[in-house]
Protein chains: 4
Amino acid sequence: MGRHLRRGRQRPRPVPRCHPGAARQVQGGLNSTGGGPRPPHVPPTTPRRENRVGTPPKENHMSKIGFVGLGIMGTPMAAHLIAAGHQLFLYDLRPPKAELTDKGAVACASGKEVAEKSDIVFVMVPDTPDVGKALFSEAGIAAGLSKGKIVVDMSSISPIETKEYAARVEALGCEYLDAPVSGGEVGARQASLTIMVGGKQAVFDTVKPLFELMGKNITLVGGTAAGQTCKVANQIIVALTIEAVGEALLFAARAGADPAKVRQALMGGFANSRILELHGDRMVKRTFDPGFRIELHQKDLNLALSAAKKMGLSLPNTATAQELFNACAAHGGSTWDHSGMVKALELLANFEIGQTPKS
Amino acid sequence: MGRHLRRGRQRPRPVPRCHPGAARQVQGGLNSTGGGPRPPHVPPTTPRRENRVGTPPKENHMSKIGFVGLGIMGTPMAAHLIAAGHQLFLYDLRPPKAELTDKGAVACASGKEVAEKSDIVFVMVPDTPDVGKALFSEAGIAAGLSKGKIVVDMSSISPIETKEYAARVEALGCEYLDAPVSGGEVGARQASLTIMVGGKQAVFDTVKPLFELMGKNITLVGGTAAGQTCKVANQIIVALTIEAVGEALLFAARAGADPAKVRQALMGGFANSRILELHGDRMVKRTFDPGFRIELHQKDLNLALSAAKKMGLSLPNTATAQELFNACAAHGGSTWDHSGMVKALELLANFEIGQTPKS
Amino acid sequence: MGRHLRRGRQRPRPVPRCHPGAARQVQGGLNSTGGGPRPPHVPPTTPRRENRVGTPPKENHMSKIGFVGLGIMGTPMAAHLIAAGHQLFLYDLRPPKAELTDKGAVACASGKEVAEKSDIVFVMVPDTPDVGKALFSEAGIAAGLSKGKIVVDMSSISPIETKEYAARVEALGCEYLDAPVSGGEVGARQASLTIMVGGKQAVFDTVKPLFELMGKNITLVGGTAAGQTCKVANQIIVALTIEAVGEALLFAARAGADPAKVRQALMGGFANSRILELHGDRMVKRTFDPGFRIELHQKDLNLALSAAKKMGLSLPNTATAQELFNACAAHGGSTWDHSGMVKALELLANFEIGQTPKS
Amino acid sequence: MGRHLRRGRQRPRPVPRCHPGAARQVQGGLNSTGGGPRPPHVPPTTPRRENRVGTPPKENHMSKIGFVGLGIMGTPMAAHLIAAGHQLFLYDLRPPKAELTDKGAVACASGKEVAEKSDIVFVMVPDTPDVGKALFSEAGIAAGLSKGKIVVDMSSISPIETKEYAARVEALGCEYLDAPVSGGEVGARQASLTIMVGGKQAVFDTVKPLFELMGKNITLVGGTAAGQTCKVANQIIVALTIEAVGEALLFAARAGADPAKVRQALMGGFANSRILELHGDRMVKRTFDPGFRIELHQKDLNLALSAAKKMGLSLPNTATAQELFNACAAHGGSTWDHSGMVKALELLANFEIGQTPKS
């Protein structure tokens with residue numbers, strides 16, 4: 001890809017590549033990753049540290065970046081890009097926060113205007129149809145795109161629709177990456193998001209320096225939609241491991257063992273997981289404030305089950321976990337932390353972790 | 001405890017109940033542990049290192065220890081006790097291996113004889129009824145027990161029957177610990193087993209130095225049967241996390257992502273677990289040699305489901321995982337590694353991780 | 001309701017009631033049903049028998065009826081209405097069959113035109129969004145409705161969206177019934193469909209004579225959307241009973257009993273059902289030609305599971321049945337009869353009903 | 001059968017093995033049945049009605065019949081045999097009821113004594129181990145058997161153990177039938193039990209006249225254990241159809257339809273079943289008094305799941321139904337009618353059939 005840069009003519013050159021610094025940056029990126037995913041412990045790149053201290057490089061040709069969708073995730077993510085000295089063009093249904101515009105970001109009237117003014121457009125909205133509207137509504141992003149621009153959808157949406165959206169964007173001579181994140185609001189504020197990317201290696205390499213301003217552990221997992229697929233896989237494992245820990249700790253407590261000691265003992269062996277450590281602790285301590293809301297995890301499992309239906313996959317335990325989430329919702333738990341799934345099991349057992357069994 | 005050994009006088013044998021020294025020793029035990037489990041990172045005790053270099057202390061008053069059940073687990077476990085200089089009395093249906101008797105362990109004619117000659121009797125047999133026979137058959141251990149002796153069942157069996165077995169042993173004026181292990185044959189050979197113990201603190205403290213010769217990460221998780229309960233909880237989590245990783249990696253592969261890269265990306269986030277690292281890797285690499293055999297995990301899930309039925313617990317995903325193991329068995333997989341559970345999901349999907357999807 | 005007719009001012013009078021014949025007809029309808037559902041054995045009403053012998057009444061003021069959606073279900077249903085002497089106005093994306101227009105039905109250019117020319121408009125299209133388009137697209141039915149007209153949706157769609165569609169139609173001063181059917185193509189041809197209706201009693205009474213031209217066992221099960229809800233409930237029971245019969249006959253066959261004899265023995269007891277008789281026979285005889293296609297049943301279970309998610313219901317076995325249908329689809333079974341669900345169970349068991357077990 | 005008895009030549013007594021007549025009788029038996037099961041609608045035999053009026057034939061060569069297990073099922077079943085003029089020898093842990101001994105039945109000291117005095121021994125006890133004890137304990141039936149006698153186990157037990165029990169009985173030169181029943185206490189009193197038989201045709205033909213004194217719809221479904229297998233299949237379907245009706249009626253009620261009307265509408269179509277009629281009605285009327293107790297159905301599903309584990313069958317919905325029964329038990333429902341399984345679903349939904357939904 002370094003070669004590509006040198007004989008850049010072949011493809012319109014995303015701005016960061018237009019100056020030596022950029023080349024080095026990308027070069028560095030390539031070397032450090034060797035094309036593979038970057039291990040979590042790797043320290044932030046040099047330019048990044050610069051950005052941290054808030055001293056944007058003097059060059060007047062930093063990237064022009066669009067950001068559509070400025071909610072609790074999008075706002076801090078955009079802020080990190082601004083802090084790195086990039087010129088941002090913003091659009092959301094509600095006007096963007098002053099914390100962004102005060103630092104020089106420009107509020108636009110539509111996604112179309114954002115796309116006209118930017119080289120790379122990030123999208124961060126709630127659900128599949130929202131991305132569809134943001135891209136393809138009358139004054140949407142697609143209407144403002146021109147050859148060589150890049151659309152990066154960081155929302156968590158359907159892998160199936162993602163393939164269709166990417167095809168329509170590429171048909172305009174543009175590039176598309178799907179790059180959903182995990183790590184939540186905290187990860188967004190701390191620029192520590194895990195970013196799972198689907199698309200072309202070259203496009204990934206171009207956008208990677210910007211991803212590094214928003215997250216750690218950034219991986220290109222495959223072609224178009226692979227990022228969304230990876231995010232869904234992540235949500236399947238998280239939901240089913242919560243369910244597993246719930247069944248196990250409830251079993252232990254109901255049988256008369258001390259669930260806190262059982263959790264501690266299990267952390268020493270094959271049963272150990274991030275979920276046992278964090279969500280297992282919440283089940284024992286009975287703290288079910290999000291964290292990650294059940295209603296959001298229901299949406300993600302719905303993506304899994306809908307895609308599974310289309311592909312002819314059986315996901316028996318994902319299907320059951322969804323039904324247990326439904327039960328939580330029926331008991332007012334839509335906004336509980338997803339570790340609250342254990343409450344559906346406790347309901348059936350007529351017993352709560354923390355109780356002492358009579359019999 | 002190193003101190004205790006050196007001025008061994010105080011403690012000729014680990015049956016403190018029988019003499020004044022006991023009180024102090026137990027006291028000390030209680031203080032030293034503070035009633036809480038010992039954290040996994042604690043280094044091996046002094047005498048343990050001694051044992052490692054194979055120089056058993058000269059004192060002629062080491063413990064007299066019985067060991068019933070000398071299969072692939074029991075034999076190496078007993079060997080560690082012998083290496084520490086303890087006098088062992090052995091019984092199994094088949095005569096014990098020469099590697100044990102050559103080092104001075106005594107083969108006995110029955111569990112009864114073992115119990116008559118020992119202060120502490122360890123049991124390590126396959127299943128719940130085997131423990132029942134070992135303890136209560138005509139020439140069984142119980143027939144040889146006398147007041148103050150200790151029975152330690154290290155088999156993995158039903159928590160329900162364990163309560164009954166313990167009660168019958170305690171009715172003879174003896175003590176009972178249930179202390180199942182995880183870590184398998186390798187853990188037994190390397191003395192690195194995780195040991196989950198149920199019973200009285202004082203009895204645990206007495207036997208703990210012997211546990212430390214066989215394993216690491218030794219936890220008293222509660223009263224009688226809590227060890228077995230903890231082991232069952234462990235097996236629930238392991239089975240359901242394998243199932244979760246199977247659904248997720250199969251989803252990713254079927255949707256066209258690279259399962260190896262997806263696994264690597266997921267290891268950076270909340271979805272990470274020992275199972276994703278080890279068993280996830282086996283699913284991607286298609287290596288299904290045990291490891292831990294499906295037929296053994298079926299036995300463990302059966303313990304979970306039977307106890308759940310007795311206690312009025314719903315374990316929906318454990319129940320489903322068992323049905324998937326049944327399917328593996330139907331396809332000749334009883335002796336596959338338990339990560340082979342993914343093959344039942346692949347069978348339904350008509351697609352294998354590693355294939356490339358046509359559509 | 002007769003009273004309502006006399007002081008008709010209060011509500012726009014659906015056309016069939018504008019002449020004595022209509023009143024009698026409706027009257028008759030009321031008496032014969034007594035407001036409750038009509039038992040299946042009740043003989044067809046007088047006008048119906050007339051229709052059977054194909055001699056439409058001479059009156060020139062029969063109802064003007066619209067029919068949108070003329071596929072394998074809609075065409076024979078519309079034909080029965082024509083045969084009864086009603087004037088039909090038809091619309092479908094593809095031009096309606098000659099067998100309809102030859103008998104005097106009028107093909108229209110849009111749903112709008114159909115609605116303008118008709119007093120009652122029937123809709124019979126594949127899925128929820130299709131009904132949305134048929135009703136509310138630019139040249140859709142709603143655009144042609146005027147006060148007092150009746151829309152009857154006989155498609156099988158989401159109860160949730162149905163409430164929204166009904167509200168939008170009623171906001172135009174019109175009436176709405178949801179009236180999905182079961183009985184399939186055969187039932188449509190033989191005018192023996194089961195019709196499950198949701199809406200107002202008075203509107204039901206008005207339309208009932210027309211329903212009686214298309215089906216038997218016609219029940220008003222509740223208010224708006226209750227018909228769709230009832231149809232979903234029907235599809236839940238059918239799918240889960242097929243699954244139940246599949247598990248049972250496979251169990252019997254695998255255990256070495258004769259599945260044909262077992263089925264016969266079970267038909268004598270509490271296990272008996274239409275499904276055991278019909279679908280159980282298909283499983284034994286290995287005839288999996290539709291019948292009712294798996295892909296259609298998947299759509300219906302998806303309606304069940306989506307609505308359950310919205311309402312906070314857990315439907316564990318419906319969720320599992322859907323995953324088994326997915327597995328059938330993965331093996332090319334989208335077009336198998338839904339009794340083919342047993343093949344997913346057989347796949348897991350590595351054994352087919354009809355085989356003789358080795359062990 | 002009385003006729004047979006009077007022209008007794010053909011068939012002096014139902015223990016043909018003991019004398020030349022046997023061969024002919026078996027021949028006849030074979031011809032008469034044509035090897036196929038008797039259709040359910042066949043009217044009771046003439047002698048049966050005689051028996052009803054309680055006038056046993058005078059002949060002194062009636063069968064000598066043993067009956068072990070005289071609980072709520074066994075007592076009325078034995079009474080029908082006595083009423084038909086047979087000489088009964090009884091054994092149970094508790095002394096048999098006077099209503100039996102007053103009519104000339106003889107109470108014995110053990111199963112051994114019963115077997116010594118009888119040609120055919122019926123067993124009707126609660127569970128698999130009870131049959132094992134009744135047959136093979138020291139003073140058990142096997143100890144009293146001699147060549148040519150017949151053991152008929154009418155208990156509902158494991159098909160797997162049944163094969164073992166049959167083999168041990170046949171090793172003594174005797175015959176074995178497994179003949180579990182459905183129909184419950186009422187069926188036992190009214191001699192209307194459904195009897196599902198496994199074993200040899202000739203033995204079945206010999207015992208059939210006695211079965212006809214206790215039940216209707218008597219079917220030989222296959223070889224040894226096929227009766228037990230068929231009973232398990234029956235219980236699978238009954239449990240899963242209850243679950244299906246529960247999901248469907250709960251869905252309908254929660255969505256705002258009238259569950260009573262929905263049930264009535266569904267009874268007209270493919271969703272109809274004995275369970276929808278009877279158990280569906282109990283769910284709507286909220287009457288959960290047995291009927292058939294949940295704890296008994298749990299035992300039966302446990303037979304299904306244990307055998308499935310041994311055979312390598314996946315029974316996903318049976319497994320889930322068992323977990324739902326566990327939940328009922330946790331809420332005090334062990335003695336509810338099995339239709340009470342719906343309460344576990346209602347618990348999850350936070351909504352009961354019969355409530356009116358707020359939203």
Side-chain angles (χ1 to χ4, degrees), chain C residues 37 40 159 182-183 194 196 198 217 219 221-223 225-226 229-230 232-234 236-238 240-241 243-245 247-252 254-258 261-262 264-276 304 307-308 311-318 320 345 348-350, chain D residues 37 40 159 182-183 194 196 198 217 219 221-223 225-226 229-230 232-234 236-238 240-241 243-245 247-252 254-258 261-262 264-266 268-276 304 307-308 311-318 320-321 345 348-350:
Chain C
S182 76
T194 294
M196 299 155 266
N217 187 33
T219 315
V221 283
T229 295
C230 187
V232 170
N234 184 79
I236 289 172
I237 292 182
V238 169
L240 297 193
T241 310
E243 207 279 342
V245 169
E247 289 196 17
L249 293 183
L250 182 57
F251 179 93
R254 178 63 183 79
D258 176 338
K261 285 187 180 174
V262 166
Q264 192 160 9
L266 297 184
M267 281 169 60
F270 283 128
N272 196 25
S273 64
R274 288 285 301 278
I275 298 297
L276 178 63
M311 296 188 293
L313 277 180
S314 290
L315 303 178
N317 284 2
T318 298
T320 301
L345 298 169
L348 288 166
N350 197 18
Chain D
S182 76
T194 294
M196 299 154 265
N217 187 32
T219 315
V221 283
T229 295
C230 188
V232 170
N234 184 79
I236 289 172
I237 292 182
V238 169
L240 297 194
T241 311
E243 208 278 342
V245 169
E247 289 196 16
L249 293 183
L250 182 57
F251 179 93
R254 177 64 182 82
D258 175 339
K261 285 188 179 171
V262 167
Q264 193 158 7
L266 297 183
F270 283 128
N272 196 24
S273 65
R274 289 284 304 276
I275 298 298
L276 178 63
M311 297 189 292
L313 277 181
S314 290
L315 303 178
N317 284 1
T318 299
T320 301
L345 297 169
L348 288 165
N350 197 19

Residues which pass side chain to side chain contact (heavy atoms under 4.5 Å, CB included) with A321(D), listed by chain and number, not counting sequence neighbours: L240(D), L301(D), M341(D)
For E247(C) and N317(D), indicate whether the former's side chain and the latter's backbone hold a donor-acceptor pair under 3.5 Å. yes
Which of the residues A271(D), A225(D), P159(D) is involved in the greatest number of heavy-atom pairs with chain C at under 4.5 angstrom? A271(D)
Looking at A248(C), A349(C), A226(C), S273(C), which makes the most heavy-atom pairs under 4.5 Å with chain D? A248(C)
Side chain, backbone, both or neither: which part of L345(C) has a heavy atom under 4.5 Å from chain D? side chain
Evaluation steps, side chain to side chain contact (heavy atoms under 4.5 Å, CB included), between V245(C) and I237(D): CA-CA 6 Å; V245(C) 169; I237(D) 292 182; 4.1 Å; yes
Out of curiosity, T318(D) OG1 to E243(C) CD, how far, rounded to the nearest 0.5 Å? 7.0 Å
Could you check if a side-chain atom of K261(C) sits within less than 4.5 angstrom of a side-chain atom of C230(D), using non-hydrogen atoms only? no
Separation between CZ of R254(D) and OG1 of T229(C), rounded to the nearest 0.5 Å: 11.0 Å
To the closest 0.5 Å, what do you measure between CE (M311(C)) and CG (L250(D))? 8.5 Å
As an exercise: rank G222(C), G269(C), A307(C) by heavy-atom pairs under 4.5 Å with chain D and give me the winner. G269(C)
Among L313(C), T194(C), L249(C), who wins on heavy-atom pairs under 4.5 Å with chain D? L313(C)
Under a 4.5 Å heavy-atom cut-off, does chain D meet the side chain of S182(C), its backbone, both or neither? neither
Counting heavy-atom pairs under 4.5 Å with chain D, the top scorer among L315(C), I236(C), I275(C) is L315(C)
Bottom line for L276(D): the part with an atom under 4.5 Å from chain C's heavy atoms is side chain
Specify the closest pair of heavy atoms between N217(C) and A265(D), including all atoms of both residues, with the distance to one decimal. ND2-O, 3.4 Å
Top residue by heavy-atom pair count (under 4.5 Å) with chain C, among G312(D), P316(D), A252(D)? P316(D)
